[in-house]
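Just so we're on the same page: letters track the sequence lines, and every chain starts at 1.
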Protein chains: 2
Amino acid sequence: MKATTIYDVAKEAGVSIATVSNAINGKGKLSNKKRDEIFKVMERLQYKPSVIASALMGKKTYTIGLLIPDVSNPFFSEIARSVEDLAHSEGYSVIVCSTDNKDDRVEKYIRLLEQKSVDGILIGTGVENADILRQLTEKSLSIVMIAREAVSLKVHSVLTDNFKGGALAAEHLLSKGHRRIAVLSENFKVTSSFERVRGFRFALFEAGIALDEADIISCDSSIRDGKRAAAALIRRENSPSAIFCCNDLLAIGALQAAKETGVRVPEQLSIIGFDDTILSTVTNPALTTIAQPMDQMVKLAFDLLIRSLENTDEIKQRIVMQPELIVRESTGKLNV
Amino acid sequence: MKATTIYDVAKEAGVSIATVSNAINGKGKLSNKKRDEIFKVMERLQYKPSVIASALMGKKTYTIGLLIPDVSNPFFSEIARSVEDLAHSEGYSVIVCSTDNKDDRVEKYIRLLEQKSVDGILIGTGVENADILRQLTEKSLSIVMIAREAVSLKVHSVLTDNFKGGALAAEHLLSKGHRRIAVLSENFKVTSSFERVRGFRFALFEAGIALDEADIISCDSSIRDGKRAAAALIRRENSPSAIFCCNDLLAIGALQAAKETGVRVPEQLSIIGFDDTILSTVTNPALTTIAQPMDQMVKLAFDLLIRSLENTDEIKQRIVMQPELIVRESTGKLNV
DNA sequence: ATGAAAGCGCTAACAA
DNA sequence: TTGTTAGCGCTTTCAT
């Protein structure tokens with residue numbers, strides 16, 4: 001059964017397609033009588049305008065792309081949900097793309113999104129090769145970065161002050177008396193992690209404590225990897241009394257390593273995460289972590305994106321939000 | 001900067017647009033020489049065919065919709081990721097729609113997806129009003145249900161034997177010596193939960209134990225609600241020694257309630273969940289749960305969907321997978 | 001083997 | 001106020 005088109009409506013209502021189009025889009029002048037009549041017919045015929053056809057005329061597709069490392073990672077699935085809600089409330093759909101932080105996937109997905117003429121792209125994944133994005137901006141496809149940034153690129157971005165977040169974590173640990181501290185970081189190509197560690201180390205430095213390179217372990221962003229790395233740390237001769245993990249997944253891995261080796265958290269080992277995902281509320285002990293105000297960030301990013309659809313050559317903003325320490329149970333006073 | 005069109009390519013290659021089109025789609029006959037030349041030009045001009053335009057000609061949009069209750073719920077975000085991977089490997093994009101299990105949202109999203117001419121819809125959310133879906137099938141839009149079913153509707157569906165899963169949970173608890181058992185269920189309008197409870201109760205019945213209506217608590221599907229309900233259960237005079245929760249979220253709520261009231265799991269209270277999400281590996285004690293073979297299910301469902309795009313009037317399948325008991329730490333022998 | 005031209009469903013100038 | 005018509009970028013006959 002073919003779908004009803006604007007022609008069917010026009011014929012049925014005894015008017016031209018232009019009039020129907022005007023009625024739909026509230027353009028031009030037309031008598032109330034005709035308008036009502038047309039709407040009635042549309043209703044009766046269950047007419048739904050084809051987005052495809054109107055997009056071909058250069059109108060919007062009302063579809064945006066969302067690039068994130070992995071939807072199944074709670075941090076990003078929570079972002080996806082917020083984006084989706086905002087988008088739907090404005091009539092947009094969102095195509096979710098999990099990139100696994102791989103540039104070739106990023107490139108492939110972006111190409112796909114381009115072909116589908118999405119109106120804009122929200123990027124919440126690291127992109128090493130800025131050229132991929134540069135091409136986009138040159139094609140004047142709207143993009144805004146969320147929880148990431150692309151220095152050297154003229155795009156909107158809204159992110160957390162990761163340096164500050166790292167410092168917050170360090171201060172908390174310091175205040176609990178910890179001195180031997182290690183960190184589990186994502187690969188440093190992930191700039192947000194880099195900043196977090198930098199802030200962490202800075203705060204330590206301010207307190208007169210040097211963070212040794214050997215105490216910074218680079219991991220993939222997975223529970224398994226966090227567990228492996230933390231286990232190694234625990235086995236060390238002079239093992240740390242606290243571990244700062246660059247995200248909740250790694251922190252959970254550390255929690256598991258502690259459990260397996262019989263190390264009590266927080267009595268013997270304090271663990272602090274980053275992101276404040278649902279996971280951090282679910283562990284036992286619940287995870288102390290650094291929260292990013294994600295809902296606000298998504299709102300800001302989305303609004304920026306939508307606005308830049310209309311107004312393409314606006315000054316690019318870089319909005320930095322403040323992180324917050326959420327103290328739960330996985331950190332405690334150092335037992336001397 | 002306007003995007004390159006097929007006209008640009010044709011002009012540059014000195015051929016007609018039809019020839020370019022043929023070259024792209026491997027249709028018709030054309031000399032290798034011309035073909036190579038055309039591809040070279042496409043490369044040089046960075047030509048990317050517009051999916052929009054070809055969709056308007058009745059071709060596929062290479063976009064599918066995924067309806068689930070909530071992407072931020074790990075069970076569904078894991079599904080979303082699998083769907084996405086399969087889809088992308090076949091050149092499809094997926095539009096994610098979180099319905100919160102509300103029929104009006106389902107309806108709104110479906111309408112949106114229709115307007116965008118998606119090729120098919122994967123439905124992993126309950127739909128109370130089957131009419132919404134019936135309309136779709138009548139319009140010959142391909143849909144397949146995953147982890148849900150729509151009895152009375154001629155659609156493909158792949159799901160787990162929820163009855164069996166419930167029975168598995170009961171048998172496990174029974175084998176540990178539990179007799180006073182309660183259940184936390186989602187609203188019974190969610191048929192999967194209904195089946196789970198039915199299976200659970202059946203297995204109990206077989207063992208000569210009657211499950212009292214008062215021992216079945218109906219909840220929303222959230223940690224908070226699980227906690228609330230479990231806390232009430234724990235406070236009861238003759239409180240149960242084991243709780244079967246219809247999903248991991250509820251089970252985690254129960255775990256939290258136990259922790260707060262100082263009830264030790266599993267020594268004093270056994271808790272079993274359903275779904276085997278990442279959450280169940282993260283809690284402490286780790287959650288015993290019933291797993292659905294989601295990866296296989298998604299694969300099956302996706303293949304069914306893709307196949308039914310070509311072959312619309314095929315016999316509708318109903319594939320039922322077997323659930324599996326995953327024993328972790330939250331269930332144990334009853335202390336008599 | 002290649003091209004001309006019609007048409008997919010819609011919007012927007014322009015006529016009437 | 002309403003209708004006619006020319007595209008948007010592509011696929012697909014049907015000629016050549």
Side-chain angles (χ1 to χ4, degrees), chain A residues 1-39 41-42 45-63 91 111-112 114-119 139, chain B residues 1-39 41-42 45-63 91 111-112 114-119 139:
Chain A
M1 195 176 66
K2 261 178 80 302
T4 13
T5 75
I6 199 172
Y7 286 94
D8 303 323
V9 176
K11 190 189 297 176
E12 188 74 11
V15 297
S16 78
I17 57 166
T19 305
V20 177
S21 177
N22 281 338
I24 295 169
N25 302 302
K27 295 252 183 102
K29 316 273 141 209
L30 58 133
S31 61
N32 285 337
K33 204 171 106 193
K34 278 221 148 70
R35 248 239 339 263
D36 292 350
E37 169 67 9
I38 289 172
F39 277 113
V41 173
M42 295 200 305
L45 266 42
Q46 294 213 57
Y47 169 68
K48 294 179 215 63
S50 155
V51 174
I52 296 289
S54 95
L56 190 56
M57 280 300 296
K59 314 292 284 193
K60 293 196 285 190
T61 51
Y62 284 96
T63 306
R111 230 176 277 297
L112 205 59
E114 253 187 290
Q115 290 195 238
K116 300 201 169 155
S117 311
V118 296
D119 298 328
K139 261 173 247 158
Chain B
M1 195 179 63
K2 261 179 78 305
T4 10
T5 74
I6 199 171
Y7 286 95
D8 304 322
V9 176
K11 191 189 295 176
E12 188 74 11
V15 297
S16 77
I17 58 166
T19 305
V20 177
S21 176
N22 281 338
I24 294 168
N25 301 302
K27 294 252 183 105
K29 314 274 144 211
L30 56 137
S31 62
N32 285 338
K33 205 171 103 191
K34 277 220 149 72
R35 249 238 339 260
D36 292 351
E37 169 66 10
I38 290 172
F39 276 112
V41 173
M42 294 199 307
L45 266 43
Q46 294 213 56
Y47 170 67
K48 293 180 216 62
S50 154
V51 174
I52 296 289
S54 93
L56 190 54
M57 280 301 295
K59 313 290 287 191
K60 293 196 284 189
T61 50
Y62 285 95
T63 305
R111 231 176 277 297
L112 205 60
E114 255 188 289
Q115 290 196 242
K116 300 202 170 153
S117 312
V118 296
D119 297 328
K139 262 174 245 157

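Scored by the salt bridge (charged side-chain N to carboxylate O under 4.0 Å, His left out) test, B:K48 finds A:E114 as partners (sequence neighbours excluded). The salt bridge (charged side-chain N to carboxylate O under 4.0 Å, His left out) search around A:R35 returns none, not counting sequence neighbours. With sequence neighbours excluded, the residues that form a side-chain contact (heavy atoms from CB on, under 4.5 Å) with A:N25 are A:S21, A:K27.
Nucleotide C:dG9 holds its P atom 14 Å from the CG atom of A:L45, rounded to whole Å. Summarising the geometry, the separation between NZ on A:K116 and P on D:dC10 is reported as 15 Å, rounded to the nearest angstrom. Rounded to an integer number of Å, the gap from CD1 of A:I52 to C1' of D:dG7 is 18 Å. A:D8 has its CG atom 8 Å from the P atom of C:dG9, to the nearest Å. Counting to the nearest Å, the P atom of C:dG9 and the CD atom of B:Q115 are 15 Å from each other.
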Does the protein touch nucleotides 10-16 of chain C at the base, only the backbone, or not at all? Give it as B, S and - per nucleotide, heavy atoms under 4.0 Å. BBB----

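A 4.5 Å side-chain heavy-atom check between A:K116 and A:T63 finds every atom pair outside the cut-off.
Across all non-hydrogen atoms, the minimal contact from B:K60 to B:V51 is O-CG1, 4.4 Å. Summarising the geometry of A:I6 relative to A:I17, their closest heavy-atom pair is CD1-O, 3.6 Å, with the distance given to 0.1 Å. What you find for B:Q46 and B:T4 is that their closest heavy atoms are O-OG1, 3.7 Å.
Rounding to the nearest 0.5 angstrom, the gap separating the CG atom in B:N22 from the OG atom in B:S16 is 8.0 Å.
Between the B:T61 side chain and the B:S117 main chain, a donor and an acceptor come within less than 3.5 Å of each other.
Of the side-chain N and O atoms in B:K34, one or more sit less than 4.0 angstrom from OP1 or OP2 of C:dT2. For C:dG3, the OP1/OP2 oxygens have a side-chain nitrogen or oxygen of B:S16 closer than 4.0 Å. Distances shorter than 4.0 Å separate some side-chain N or O of B:T19 from OP1 or OP2 on C:dG3.
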Under 3.5 Å, N/O pairs linking protein and nucleotides 14-16 of chain D:
none

Worked check of side chain to side chain contact (heavy atoms under 4.5 Å, CB included) between B:M42 and B:I24: CA-CA 10 Å; B:M42 294 199 307; B:I24 294 168; 3.8 Å; yes

Pairing string, 5' to 3', for DNA chain C - Watson-Crick or wobble contacts under 3.5 Å, brackets [ ] where pairs cross, | to another strand: ||||||||||||||||

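A residue-by-residue look at B:L56 and B:V15 shows that B:V15 has its nearest nucleotide of DNA chain C further toward the 5' end.
Residue A:F39 qualifies as enclosed at atom CZ: its count of foreign heavy atoms under 6.0 Å is above 12.
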